[in-house]
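Step one of this worksheet: look at the structure below.
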Amino acid sequence: MTPRIPVTVEQIDRVVSKFYGRVRAHPALGLIFAAHVADWPAHEEKIGRFWRNALLLHHCYDGNPMQIHRTAGNVRAQHFSVWLSLFDSVLDEELPPPLATAWSSLAHRIGRGLSYGLPSDDGEDEVPRLGQA
């Protein structure tokens, strides 16, 4: 199959590794991830498979990111803007502009999708429920 975005596996691995280095150092995201990730190499490998699936169409990831984020308990919709900002900065540093822009666009669509239904900092769901005003 023709890849959705023509990056290499090595580029994906570099972006994932550098991104999670920044996540671990971030004052808010670092604490959230530390509560859930004990084995960073395994987590990075899993997320690398997620991106190989999304970008290269390798069909090597079978997880459920929405369920994972929803059941984590400490992930809020607002965290995705921080996540995406860090991710975009890594993409800009690691990839040529056309690839960084294309991958960023996909990441933002995925981030929007994942944030739907997550609670916000004010305790309300981002998406109103049927029958609510």
Side-chain angles (χ1 to χ4, degrees):
M1 284 189 120
T2 303
R4 181 176 284 134
I5 298 171
V7 294
T8 66
V9 170
E10 293 77 19
Q11 287 171 315
I12 291 171
D13 291 345
R14 245 190 358 262
V15 166
V16 168
S17 177
K18 192 169 191 174
F19 169 70
Y20 280 113
R22 291 193 184 167
V23 163
R24 286 190 293 276
H26 191 274
L29 294 183
L31 294 173
I32 292 166
F33 276 85
H36 302 286
V37 178
D39 184 346
W40 280 100
H43 180 73
E44 290 180 20
E45 193 278 327
K46 178 180 181 179
I47 301 306
R49 284 187 285 115
F50 171 84
W51 284 116
R52 285 192 297 284
N53 186 67
L55 302 171
L56 304 176
L57 308 174
H58 280 184
H59 305 291
C60 56
Y61 177 82
D62 63 356
N64 186 334
M66 175 57 87
Q67 180 181 9
I68 296 293
H69 289 93
R70 183 129 176 107
T71 61
N74 62 345
V75 178
R76 300 286 180 262
Q78 293 82 356
H79 294 134
F80 282 92
S81 63
V82 178
W83 185 100
L84 288 165
S85 176
L86 289 177
F87 199 71
D88 283 344
S89 67
V90 171
L91 291 174
D92 288 342
E93 292 168 15
E94 293 297 322
L95 298 174
L99 293 177
T101 299
W103 189 349
S104 174
S105 178
L106 179 59
H108 280 258
R109 285 196 312 269
I110 291 169
R112 260 192 319 275
L114 290 175
S115 69
Y116 290 153
L118 288 175
S120 61
D121 284 339
D122 61 10
E124 297 293 323
D125 284 347
E126 285 292 296
V127 177
R129 304 284 180 209
L130 286 176
Q132 290 181 337

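Side chains are part of it too, since the values below use all heavy atoms of this structure and drop only hydrogens, waters and symmetry mates. When a residue number appears, it is its place in the shown sequence, counting from 1.
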Set of residues satisfying salt bridge (charged side-chain N to carboxylate O under 4.0 Å, His left out) with respect to Arg24, sequence neighbours excluded: Glu44
Donor-acceptor pair, side chain of Thr101 and main chain of Pro98, under 3.5 angstrom: no
Exam field: side chain His79 to backbone Arg76, donor-acceptor pair closer than 3.5 Å: yes
Between CG on residue Leu55 and CD1 on residue Ile12, distance to nearest 0.5 Å: 5.0 Å
Residues forming a side chain to side chain contact (heavy atoms under 4.5 Å, CB included) with Asp92, sequence neighbours excluded: Ala100
Main-chain N/O of His58 paired with Asn53 side-chain donor or acceptor, under 3.5 Å: no
Side chains of Leu114 and Trp83 in contact at under 4.5 Å (non-hydrogen atoms): no
Candidate pair Phe19 and Leu91, rule side-chain contact (heavy atoms from CB on, under 4.5 Å), full reasoning: CA-CA 9 Å; Phe19 169 70; Leu91 291 174; over 6 Å; no
side-chain hydrogen bond (donor to acceptor under 3.5 Å, both in side chains) against Gln11, all qualifying residues, sequence neighbours excluded: Thr8
Qualifying salt bridge (charged side-chain N to carboxylate O under 4.0 Å, His left out) pairs with a residue from residues 48-61, counting only residues at least two apart or across chains: Asp13-Arg52, Glu45-Arg49, Glu45-Arg52
Hydrophobic cluster of Leu57, others only, ordered by chain and residue number, side-chain cut-off 4.5 Å: Met1
Arg14 CZ to Leu95 CG distance, which is reported to the nearest 0.5 Å: 7.0 Å
Partners passing side-chain hydrogen bond (donor to acceptor under 3.5 Å, both in side chains) against Ser89 (at least two apart in sequence or in another chain): Arg22
Any Trp51 side-chain heavy atom under 4.5 Å of Ile110 side chain: yes
Gln78 backbone acceptor or donor facing Ser81 side chain under 3.5 Å: yes
